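Structure first, then comments.
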Amino acid sequence: MKLSLPYGETFLEADIDWGRFLGVVDIADRPAAPSVDDAVAAALNHPIGLEKRLVDMVSAGDTCALLVSDSFRQTRADQILPILVDALNEGGIPDEDIVLVFATGTHRAPTPEEQRAILGPAIAERFHGRTLVHDPHDEDNLTFVATTPRGTPVFINRRVYECDRIIATGAVVLHYFAGFGGGRKAIVPGIAGVETIAHNHAMNLDPHRGRTNPAVRIGVLDGNPVAEDMLDAARLVNPDFIVNTVLNREGQIAGVFAGEMDAAHRAAAAFACGLFAVPIAEPADLVIAASAHTRNFVQTHKALFNAYQAVKPSGRIILLAPCEEGLGGEQFGQWLRLPGRAEIIAALREQSEINGQTALSTIGKGPITLVVTEMAERDVAMLRAEKADSLHTALELVRKELPDDPTYWVMPSAAYSVPFLGSLPDPIGGGTTSS
């Protein structure tokens, strides 16, 4: 079999003449919406979980914060925002009373070039000087709202909270501890303070044992303490309306879901499961996974996490990921330098932080992973993984360690496609469905 897997803007190829191929775990084929303008207009005019259209919910004199994702989330906001802003104008809110806010959470700020790409040239020009990049560390520009039932103090971007209307956009994919991206995540972590984010993400740990919390699961919203606390926190902020997209494998808008924050998000999540959740009958001895366009390892970790769902405990993972920005920040590196899981868990109990959560997950999977990457060998070693200089070399190395006639899965879009053994998520009903 000839493998050809994406790697940045090119492909890596290698022959594999051994083992038993179980299949490809990939994003399902879905057509793009025939007309994005019509799809967005229909979603705004027939909101999920709300009785009023967006244009009827706003009025002259209102100020509006319009939240958009950062450069690490592909949402196609550039195609949505012109229709969305026009609807706000029709409802009586002029451009000068709208601020566009990049909901970064703890990610780095998007560069001016990235901001223009996210918004699209027309909206970027139209709102020049009326954009804001959220900074979770800037205490002077945060305001305390309340505390969630699970004890999370909710600090929110002051400028957003003081607006009369809050509208959140985003894209829905499966997320390894929030259940799904989009929806509530535009608020927490999107426009939250670092203390809020840390307290929420700390629920990823088992409160009684030295491990991650088994209730925190990918594709699960109900019963997942991280996801439920995010929703509780977001409801304290009470955004008026969300517009979430689901993108197909070509990055085109396949679905648009708008309306009440939770109801519209769940509808989008159910649609996303049809694209990204893949039932598998058995785990394999080897998973060959590609994450072509994640720019650092913090983002690539999602691909490693997903690949891990399809591998046997005794198996191996080959991960193809350029990671041209390296590990993803010195803070992540500091967590990786701790000796092991016990030390990371202890430190997280003292001060939870998203990079620590990612480090904890990574070092549990790194020892079975060979990485083909542009990262320095010392950085790969910090992941507890091994670097290979090519896909061919990686295959030769793992072949020596695998049993006779090993099985293998191939994952060309590992950052998004998620294998599930036995059942698929059911975000509408809150549980799982038979595969």
Side-chain angles (χ1 to χ4, degrees), residues 63-85 88 93 95-143 154-163 165-173 175 178 181-194 196-197 200 230 233-234 237 239-245 247 251 253 261 265 293-296 298-299 325 328-329 331 354-355:
T63 56
C64 179
L66 186 47
L67 312 184
V68 296
S69 298
D70 60 27
S71 60
F72 294 100
R73 303 278 188 269
Q74 188 180 19
T75 67
R76 296 318 310 263
D78 58 315
Q79 295 186 349
I80 292 171
L81 290 173
I83 302 100
L84 183 52
V85 170
L88 294 173
I93 304 180
D95 285 2
E96 53 264 31
D97 289 334
I98 301 170
V99 60
L100 302 185
V101 181
F102 292 96
T104 57
T106 56
H107 294 165
R108 67 162 175 80
T111 66
E113 294 78 15
E114 289 170 339
Q115 292 180 34
R116 185 174 179 84
I118 293 165
L119 302 178
I123 291 293
E125 183 66 28
R126 189 168 159 184
F127 282 85
H128 181 71
R130 290 198 302 282
T131 61
L132 172 68
V133 178
H134 174 65
D135 180 354
H137 301 279
D138 184 2
E139 295 182 2
D140 290 340
N141 287 305
L142 297 173
T143 188
V154 181
F155 292 91
I156 292 295
N157 185 285
R158 184 185 304 276
R159 177 83 178 275
V160 173
Y161 191 69
E162 290 176 350
C163 284
R165 302 292 181 183
I166 302 172
I167 298 171
T169 67
V172 177
V173 295
H175 190 278
R184 62 197 80 181
K185 283 188 89 254
I187 308 299
V188 176
I191 56 164
V194 67
T196 302
I197 298 167
N200 170 261
M230 282 181 177
V237 180
D240 299 271
F241 204 87
I242 71 165
V243 183
N244 278 182
T245 56
L247 307 185
I253 293 176
M261 175 179 59
H265 181 233
H293 301 295
T294 46
R295 298 197 296 269
N296 59 50
V298 169
Q299 292 301 308
E325 294 184 3
Q331 201 161 13
I354 181 59
N355 286 291

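Numbering of residues begins at 1 and proceeds along the displayed sequence. What you are looking at is a predicted structure, and each value in this text was computed from that prediction instead of being measured.
Minimum heavy-atom separation, C64 to I167: SG-CD1, 3.8 Å. What you find for D140 and R158 is that their closest heavy atoms are O-NE, 3.5 Å.
Between L119 and D78 the shortest side-chain heavy-atom distance does not fall below 4.5 Å. Residues P189 and I354 are not in side-chain contact: their nearest non-hydrogen atoms beyond the backbone lie 4.5 Å or more apart. The closest side-chain heavy-atom distance from N141 to R159 is not below 4.5 Å. Counting only heavy atoms from C-beta outward, the side chains of I118 and P110 approach each other to under 4.5 Å. Under the 4.5 Å side-chain criterion, counting only non-hydrogen atoms from C-beta, V85 is in contact with F127. At a threshold of 4.5 Å between non-hydrogen side-chain atoms, the residues L66 and V101 do not count as touching.
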Discussion item. Run the side chain to side chain contact (heavy atoms under 4.5 Å, CB included) test on M230 and N200 for me, step by step, so that the C-alpha distance in whole Å, both residues' side-chain angles and the decisive distance to 0.1 Å come before the verdict.
Written reply: CA-CA 7 Å; M230 282 181 177; N200 170 261; 3.4 Å; yes
Discussion item. Would N157 and L132 count as a side chain to side chain contact (heavy atoms under 4.5 Å, CB included) here? Give the steps.
Written reply: CA-CA 10 Å; N157 185 285; L132 172 68; 3.9 Å; yes
Worksheet entry | F155 vs T143, side chain to side chain contact (heavy atoms under 4.5 Å, CB included): CA-CA, chis, key distance, verdict | CA-CA 5 Å; F155 292 91; T143 188; over 6 Å; no
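Within the 3.5 Å criterion, the main-chain N or O of L67 finds a donor-acceptor partner in the side chain of T169. Of the possible donor and acceptor atoms, one in the side chain of T104 sits under 3.5 Å from a partner among the backbone N and O of H134. Without hydrogens or angle criteria, H265 side chain to K185 main chain gives no donor-acceptor distance under 3.5 Å. Side-chain N or O atoms of N244 include one that pairs as donor or acceptor with a backbone N or O of G183 at under 3.5 Å. Using modelled atom types, no side-chain atom of E325 and backbone atom of N296 make a donor-acceptor pair closer than 3.5 Å. Checked by atom type and distance alone, the side chain of T245 pairs as donor or acceptor with a backbone atom of T75 at under 3.5 Å.
The neighbour count for H128 NE2, taken as heavy atoms of other residues, nucleotides or ligands under 6.0 Å away, does not exceed 12. More than 12 heavy atoms of other residues, nucleotides or ligands sit less than 6.0 Å from atom CD of E96.
Contacts classified as salt bridge (Lys or Arg N to Asp or Glu O under 4.0 Å) and involving residues 110-119 (residues at least two apart or in different chains) are given here: R108-E114, E114-R295.
With sequence neighbours left out, R126 forms a salt bridge (charged side-chain N to carboxylate O under 4.0 Å, His left out) with D86, D95.
Exactly one residue among L100, I80, T131 makes a side chain to side chain contact (heavy atoms under 4.5 Å, CB included) with I123. That residue is L100.
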